[in-house]
There are 2 protein chains.
Amino acid sequence: MTESKGVLRKAALLDAAEEVLVTKGNANAAMRDFAAAAGVRIGHLQHYFPTRSDLIRAVLERTLERSLRRLEEAAGFDLRAGASGTLTRSDSHRLLEALLLEHSDLADVRMHLEIWALAASDELAASALRSFYSQYSGHVQGVVRRGRPDLTEPEISDVAATVVSLFEGAAVTRSDIAGLRTEQGDQAIIRTAQWLIHGQEPAQCP
Amino acid sequence: MTESKGVLRKAALLDAAEEVLVTKGNANAAMRDFAAAAGVRIGHLQHYFPTRSDLIRAVLERTLERSLRRLEEAAGFDLRAGASGTLTRSDSHRLLEALLLEHSDLADVRMHLEIWALAASDELAASALRSFYSQYSGHVQGVVRRGRPDLTEPEISDVAATVVSLFEGAAVTRSDIAGLRTEQGDQAIIRTAQWLIHGQEPAQCP
DNA sequence: GCAATTTTAGGTCAAATGACCTAGAATCAA
DNA sequence: TTGATTCTAGGTCATTTGACCTAAAATTGC
């Protein structure tokens, strides 16, 4: 079923809004900027998104949804709580590299920063963000459960939250904004996440 | 030497500006909001900070400087590259707990989010932030150097960057904004940081 | 084909905004 | 004491802003 002009237009407006948020930041982005980026006039934009906060909220929801979906795709296996299976170190390495790559997308990093800052002062945004992180860390728990089947559910939850913290922090610090990225540093992050996911490597005994 | 009225006023204006940034966010904070929070009129505020970006920049510099100083104080030892010494697990535990506590201050977390978001679209802010992280991770290197004297300098740098990533990410995810905090989760973060700082715990051999 | 609905263009408005200004009071330094 | 400097209050201005509106064009569905 071909999508209606309205649905396509809405998506184009959201694309344009994202681009403006990424380049000018939320603090400097006006409705006329969003409209111009989409090649329409403000009245038209406001037909689809009557208020500024309608637009920003829609961008936020779309961005968070995309991040969740990407994690599911990167995993390539069922992340739900009931699912069973194991995870080899090479598979977790592959997954973590994909995750780190996703956290390197400069536009995505900036979108996330804007969302965090928005959520810091807008309770509706914060609520959406908490829901997102609950789901996101739930997915990461699905990963940890396969690497550490010996852990209790609360322990799995804590490990997953730590992995999420590490990757969210790395997205910022490894970006051009903070400038702490090195090639070997990426490997250190993956090694750390693997330590969390799999536990200690086999002991070397004399 | 008693500080002049101007110096005291400036500090009070910066305090007020911080509070407004934390509660309203940069995107919704006007010069008149800042002035009102400080109990003065906008003209007076503009005497001390002629443009909005002068004010925001000053807040940014002060916040980053404070974070650096706090890390120095929490360490309680010389973090410079040439300094030598060791670091026990109990001392690193104490330091990491202090660091995590500092990363739990909701106003501070919000200030940092606003600074990150600002730096994402303002190159001057980004430059200041890069300088800050360079120094901050330099300090953390001073910690890692004591825990892992066997590492090369590039390795120390990568480990330090990973510790910084973990703590910056944790500040966000453990805040009310993201809602992923648990008591045991805090211990998982500290354990992870200790693993990074000290390396693997002694092997248990039969 | 035609009425209803959706899409599009363009305009207007009051309020808010950052920037700039004047002038008087307070403080400082010689 | 006096002039210079700093501090403080309050005002003004042009521009920008989000929100709201009208009307025409395009599309849809019966």
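Below, chains carry the letters A, B, ... as their sequence lines are ordered, and counting in each starts from 1.
Relative to the axis of its first five pairs, the axis of the last five pairs of the helix from C/dG1-D/dC30 to C/dA30-D/dT1 sits at 30°, rounded to 10 degrees.
A heavy atom lying under 4.0 Å from DNA chain C marks none of the residues of residues 116-129 of chain A. A heavy atom lying under 4.0 Å from DNA chain D marks the following residues of residues 13-45 of chain A, by number: A/A30, A/M31, A/R32.
In this structure, B/L180 and A/V164 approach most closely via the heavy-atom pair CD1-CG1, 4.2 Å. Scanning all heavy atoms of the two residues, the minimum distance from A/F34 to A/A29 falls at CZ-CB, 3.5 Å. Nearest heavy-atom pair across A/E102 and A/R70 is OE1-CB, 3.5 Å.
Summarising the geometry, the separation between NZ on A/K10 and P on C/dT6 is reported as 12 Å, rounded to the nearest angstrom. Rounded to an integer number of Å, the gap from A/H47 NE2 to C/dT6 P is 8 Å.
The backbone N or O of B/E155 sits nowhere less than 3.5 Å from a side-chain atom of B/D158 that would complete a donor-acceptor pair. Checked by atom type and distance alone, the side chain of A/E168 never pairs as donor or acceptor with a backbone atom of B/G169 at under 3.5 Å. Counting only distance, with no hydrogens or angles, the side chain of A/S131 and the backbone of A/S127 share no donor-acceptor pair below 3.5 Å. For the pair B/R110 (side chain) and A/A120 (backbone), a donor-acceptor distance under 3.5 Å is present.
In the 5' to 3' direction, nucleotides of DNA chain D lying under 4.0 Å from heavy atoms of chain B begin and end at D/dC7 to D/dT12.
If B/R52 and B/K5 are placed on DNA chain C by their nearest nucleotide, the residue sitting closer to the 5' end is B/R52.
In summary, B/E123 and B/R130 engage in a salt bridge, as defined by a charged side-chain N under 4.0 Å from a carboxylate O. With respect to B/D122 and A/K24, no salt bridge is recorded, no charged nitrogen being found less than 4.0 Å from a carboxylate O.
Under the 30°/60° scheme for interplanar angles, the aromatic rings of B/W195 and A/W195 are found to lie parallel.
The shortest side-chain heavy-atom distance between A/N28 and A/D33 does not fall under the 4.5 Å cut-off.
Contact annotation: A/Y48 side-chain N/O to C/dT6 OP1/OP2 distance is not under 4.0 Å.
Partners of B/F49 under the ring pair (Phe, Tyr, Trp, His ring centres under 6.0 Å) rule, at least two apart in sequence or in another chain, do not exist in this structure. By the salt bridge (charged side-chain N to carboxylate O under 4.0 Å, His left out) test, A/D105 pairs with no residue at all, sequence neighbours left out.
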